[in-house]
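Here is the naming used below: chain letters follow the sequence lines, and residue numbers restart at 1 for every chain. Note that this is a predicted model, so its numbers are computed, not measured.
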Number of protein chains: 2
Amino acid sequence: MRPTVHDIAAAAGVSLATVDRVLNQRPGVRHVTREKVEKAIREIGYIRDVAAANLAKGRTYPFVFILPASDNSFMHGLNDEVRAAVARSPVERTDIRTIEVPAFDPAALVRVLEELGRERPSGIALVATDAPEVRDAVDRLVQDGIPVVTLVSDLTGSQRHHYAGVDNIAAGRTAARLLGRFLGGARGEIAVLAGSMLVRDHRERLEGFASVMAAEFPSLSILPVIEGRDDPEMAHMLVADALSKKSGIIGIYSLGAGNRGLIRALKEKAVDRSLTVIAHELTTHTRAALLDGTIDAILNQNAGHEVRSAIRVLKAKADGLAVIEAQERIRLDIFLKDNLP
Amino acid sequence: MRPTVHDIAAAAGVSLATVDRVLNQRPGVRHVTREKVEKAIREIGYIRDVAAANLAKGRTYPFVFILPASDNSFMHGLNDEVRAAVARSPVERTDIRTIEVPAFDPAALVRVLEELGRERPSGIALVATDAPEVRDAVDRLVQDGIPVVTLVSDLTGSQRHHYAGVDNIAAGRTAARLLGRFLGGARGEIAVLAGSMLVRDHRERLEGFASVMAAEFPSLSILPVIEGRDDPEMAHMLVADALSKKSGIIGIYSLGAGNRGLIRALKEKAVDRSLTVIAHELTTHTRAALLDGTIDAILNQNAGHEVRSAIRVLKAKADGLAVIEAQERIRLDIFLKDNLP
DNA sequence: CCAAATTTGATGTACGTAAATCAAAATCTG
DNA sequence: CAGATTTTGATTTACGTACATCAAATTTGG
């Protein structure tokens, strides 16, 4: 049987109450006694039974998720995953609330964060808009002792405790290599469709993409970035326009959302041309496009994993426990038409 | 507060004892009463507090993992992951034992399975060698009510409760598409290195690979499969030999283990040739080869996820609970040099 | 050395469920 | 309808930890 608090008490030659004081860092224990108990804990290899502890505490974790109000499949999916987590709340002892804020609007995000500073939940997860004022607001929360994790998009130079999202520079690099290799040694232009250079994940993807392109595929040149604000309508218009004007385009990297519009433009404009297309985020639309050959590869981040990871990290931080970074690493999925889930 | 057994009792107008009898399917409850209680459970939305239940039961799950005694990095990694799971045993209330059996030896595997049939652990996970006698042994265990999951390699037509591994046909198809597209429209021969056609995962990878190759990349022809028995020495010898004799080889698909030998052969024999190589399993060796350009892509199954998934499934089966198939799906990782973890 | 302050011990209750026991009530059998 | 059988109720203990209370012992300061 695994050792219990009673075993520690016996081993250290103190009472249960003292063991409890040491374990839960309550005051009123002399230094020497505390060390004696800690030694016993180490020696008999005691591990707290978390289930029993939670049961006794009856603790619940009030968490808040701040999500952008974007009308694209990825954000809808993220929303669904948060709702799924809410559904698991009774089992996980979490109490999750979501707040929607306008997308790409640092001021609105800051207002919500300041409001939460007063409310003091056990943890906050946010899809960050990368702006100095947001960073400052997050840093204030962290200074106040509230656990904060960024979700999907990180916050430059902030003190946030953790980032639950993919390595976007690596994602961009991967996209470049796939595109470059799929195109063989062909010569031509590559169009890049992004949401906004205001969000860090898009900037980073572009950065990674451009650096590998420049270093390893010199026969391909990148056109100025098209910013579609993750909006299908806007993306459609801009891409259709680019395809009409530039006949040298042989590849497209769509690093943001709003792929519905991109796909529509491709089907209208590029039936005669054979474009190689790499897009982000697996949705109903990108999936269908991958299967029918409109898109050649999809890079994906699993929203469910991100949300679950964020919750695990927030819990750990709220309890002052360590996070196993390797376990919380979010993988970049690469989907071809053959390995779709 | 979430409802408890007391709330059910009150709602159904019966005693706690009766509720307990219904919840834990103990005998001695009239049909009408049982229905009354079940109705109350549904209506107030009671969910059993698993933590409290496990605490009360003090139950542990004796599980057995049967692993092949193969000297390759992947099996070593799998072993490590099982050991890591053993380390987590006290927390997870599992009691995991591992048994090593000679690789590719159905008879030895059957002997172990029959032995376990007498011992009756709470669950068995095995890396299956795909043979009829193994299938029969597994089916007997299943008939006996012992939960069985296959790990990494599945068992044709058996009654095993679950398979914790990747979709190997999809893996082979993915490898074919990557190789085909990386090679552009080039014409030439593709060598395939496998471990043994005795294990189902290798057969399936080949099947998927060959079908996409035939359908979509007719300019590439597949050479007869080289069987290296997942052994680095043997793989080295066979690949070196093939490279010397066949000058038309422009690509290699290594679908099994023993990649150390393959890489050594490539570095010795193919310095002057530019081969496109796709291999399975991310190990120290394949990782280095990917980074230095000897290998172009690595398909990987995360052994840690497979082991943890197997344990979750065995637990669920042992408790007679449902498995969320979507959650237990093992993803196929695709690594280029840019997205290595 | 005494009083005050600090440290430690002893003990009990709670969390939600499992499981057992024994008594009481209801139902069935002939 | 008596007696046997089945069903139900009431109650208790246990799991391992958290947390609170009060008393006793020890240490500290003056």
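One can place CZ of R2(B) at 9 Å from P of dG16(C), the figure rounded to the nearest angstrom. The distance from atom CG of L23(B) to atom P of dA19(C) is 11 Å, rounded to the nearest whole Å. For K57(B) and dA20(C), the NZ to P distance is 13 Å, given to the nearest whole Å. Residue L55(B) contributes atom CG, which lies 12 Å from atom P of dA19(C) at whole-angstrom precision. When rounded to the nearest whole Å, the span between NE2 of H31(B) and P of dT6(D) equals 18 Å. The distance between atom CD1 of I47(B) and atom P of dT17(C), rounded to the nearest whole Å, is 10 Å. Between the CG atom of D49(B) and the C1' atom of dC15(D) there is a distance of 13 Å, rounded to whole Å. One can place NE2 of H6(A) at 12 Å from P of dA18(D), the figure rounded to the nearest angstrom.
The cationic group of R160(A) does not satisfy the cation-pi geometry with Y163(A), failing either the under 6.0 Å distance to the six-membered ring centre or the 45° limit from the ring axis.
Side-chain contact check for D95(B) and T60(B): no donor-acceptor pair (N or O, by modelled atom type) lies under 3.5 Å. Using a 3.5 Å distance cut-off with no hydrogens or angles, the side chains of R48(A) and N24(A) do pair a donor with an acceptor.
Using a cut-off of 4.0 Å between Lys/Arg side-chain N and Asp/Glu carboxylate O, E35(B) and R42(B) are scored as not salt-bridged. Between R120(B) and D144(B) there is a salt bridge, with a side-chain nitrogen of the basic residue lying less than 4.0 Å from a carboxylate oxygen of the acidic one.
G28(A) comes within 4.0 angstrom of a nucleotide base, judged by non-hydrogen atoms across all strands.
Just one residue in the list R312(B), K315(B), R308(B) forms a salt bridge (Lys or Arg N to Asp or Glu O under 4.0 Å) with E328(B), and that residue is R312(B). Of the candidates L78(B), V86(B), I311(B), I311(B) is the only one forming a side chain to side chain contact (heavy atoms under 4.5 Å, CB included) with F65(B).
Comparing dT17(D), dC19(D), dA14(D) by their nearest atom to the side chain of R26(A) picks out dC19(D).
To the nearest 0.5 Å, atom OG of residue S158(A) and atom CZ of residue R140(A) are 12.5 Å apart.
Of the residues in residues 8-21 of chain B, those with a non-hydrogen atom less than 4.0 angstrom from any atom of DNA chain D are G13(B), V14(B), S15(B), A17(B), T18(B), R21(B).
At the phosphate of dA18(D), OP1 or OP2 sits under 4.0 Å from a side-chain N or O atom of R48(A).
Counting heavy atoms of neighbouring residues, nucleotides and ligands inside a 6.0 Å radius, atom NZ of K57(A) exceeds 12 of them.
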Hey, what are the protein-to-nucleotides 23-26 of chain D N/O distances that come in under 3.5 Å?
none

